[in-house]
Amino acid sequence: KRMKKLSEISVEELQQKYVDLIRPTNFIKTFKDDDEFREWARLGTVEDLNWAIKNFEKDELYKYCNILKQVRDENRSI
């Protein structure tokens with residue numbers, strides 16, 4: 001199946017592709033390991049981390065929720 005040209009993709013299709021890409025179950029596949037995920041999490045603010053935790057919980061990715069919570073709590077002790 002050939003890939004569509006950008007001009008052939010509807011806005012709705014493009015939005016769905018983006019949503020699929022950033023969905024936590026797909027997003028975590030972009031990291032080589034938990035340490036790399038933790039490094040990424042450290043770039044976020046407490047608000048970013050809370051948002052991510054909520055979305056990772058929706059996908060039942062509790063292991064990653066715990067990493068996000070650990071990173072969030074590291075920031076609180078500063």
Side-chain angles (χ1 to χ4, degrees):
K1 179 176 145 180
R2 80 173 179 84
M3 229 171 111
K4 291 182 179 180
K5 291 181 189 155
L6 194 55
S7 58
E8 298 172 331
I9 298 175
S10 70
V11 172
E12 290 79 18
E13 277 182 286
L14 204 54
Q15 285 174 327
Q16 188 56 52
K17 286 182 186 306
Y18 177 72
V19 166
D20 290 345
L21 179 68
I22 62 166
R23 186 152 180 219
T25 46
N26 295 323
F27 184 66
I28 57 170
K29 294 174 187 166
T30 64
F31 300 100
K32 71 175 188 278
D33 56 29
D34 292 352
D35 288 335
E36 194 173 88
F37 179 77
R38 190 181 308 274
E39 300 239 340
W40 169 79
R42 286 189 176 120
L43 299 173
T45 64
V46 171
E47 292 77 24
D48 295 333
L49 293 167
N50 286 333
W51 180 88
I53 290 164
K54 191 169 66 181
N55 284 282
F56 277 67
E57 281 174 348
K58 282 183 198 166
D59 277 1
E60 299 179 2
L61 297 167
Y62 302 116
K63 171 185 155 186
Y64 294 96
C65 289
N66 287 334
I67 293 172
L68 292 166
K69 288 174 183 175
Q70 288 167 6
V71 170
R72 182 190 62 194
D73 295 344
E74 286 171 6
N75 294 336
R76 288 199 172 147
S77 62
I78 295 171

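Fair warning: this is a prediction, and the values are worked out from it, not measured in the lab. Each residue takes its place number in the sequence, starting with 1.
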*Asks:* Could you pull out all residues at least two apart from Phe37 that satisfy ring-ring contact (aromatic ring centres under 6.0 Å, His included)?
*Replies:*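 Only Phe31, Trp40, Phe56, Tyr64 meet the ring-ring contact (aromatic ring centres under 6.0 Å, His included) criterion with Phe37.
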*Asks:* In Å, rounded to the nearest 0.5 Å, how long is the span from CD of Glu36 to OG1 of Thr30?
*Replies:*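 One gets 7.5 Å once the value is rounded to the nearest 0.5 Å.
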*Asks:* With Leu68, which of Leu61, Asp73, Ile53 fulfils side-chain contact (heavy atoms from CB on, under 4.5 Å)?
*Replies:*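 Between Leu68 and the candidates, side-chain contact (heavy atoms from CB on, under 4.5 Å) is satisfied uniquely by Ile53.
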*Asks:* Can you tell me how far apart CD (Glu47) and CG (Asn50) are? Round to the nearest 0.5 Å.
*Replies:*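 Here the interatomic distance stands at 7.0 Å.
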*Asks:* Only counting residues at least two apart or in another chain, list the ones meeting salt bridge (Lys or Arg N to Asp or Glu O under 4.0 Å) with Glu8.
*Replies:*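 By the salt bridge (Lys or Arg N to Asp or Glu O under 4.0 Å) rule, Glu8 matches Arg2.
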*Asks:* Between Asp59 and Asn55, is there a donor-acceptor pair closer than 3.5 Å when you use the side chain of the first and the backbone of the second?
*Replies:* no
*Asks:* Would you compute the distance between atom NZ of Lys58 and atom SG of Cys65 and round it to the nearest 0.5 angstrom?
*Replies:* 11.5 Å
*Asks:* To the nearest 0.5 Å, tell me how far Leu49 CG sits from Ile67 CD1.
*Replies:*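 Separation between the atoms: 12.0 Å.
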*Asks:* Contact between Lys69 and Arg72 at the side-chain level, heavy atoms closer than 4.5 Å - yes or no?
*Replies:*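 Heavy-atom side-chain distance check passes, below 4.5 Å.
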*Asks:* Applying salt bridge (Lys or Arg N to Asp or Glu O under 4.0 Å), name anything that partners Lys29, two or more places apart in sequence or on another chain.
*Replies:*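 For Lys29, no residue satisfies salt bridge (Lys or Arg N to Asp or Glu O under 4.0 Å) once neighbours in sequence are set aside.
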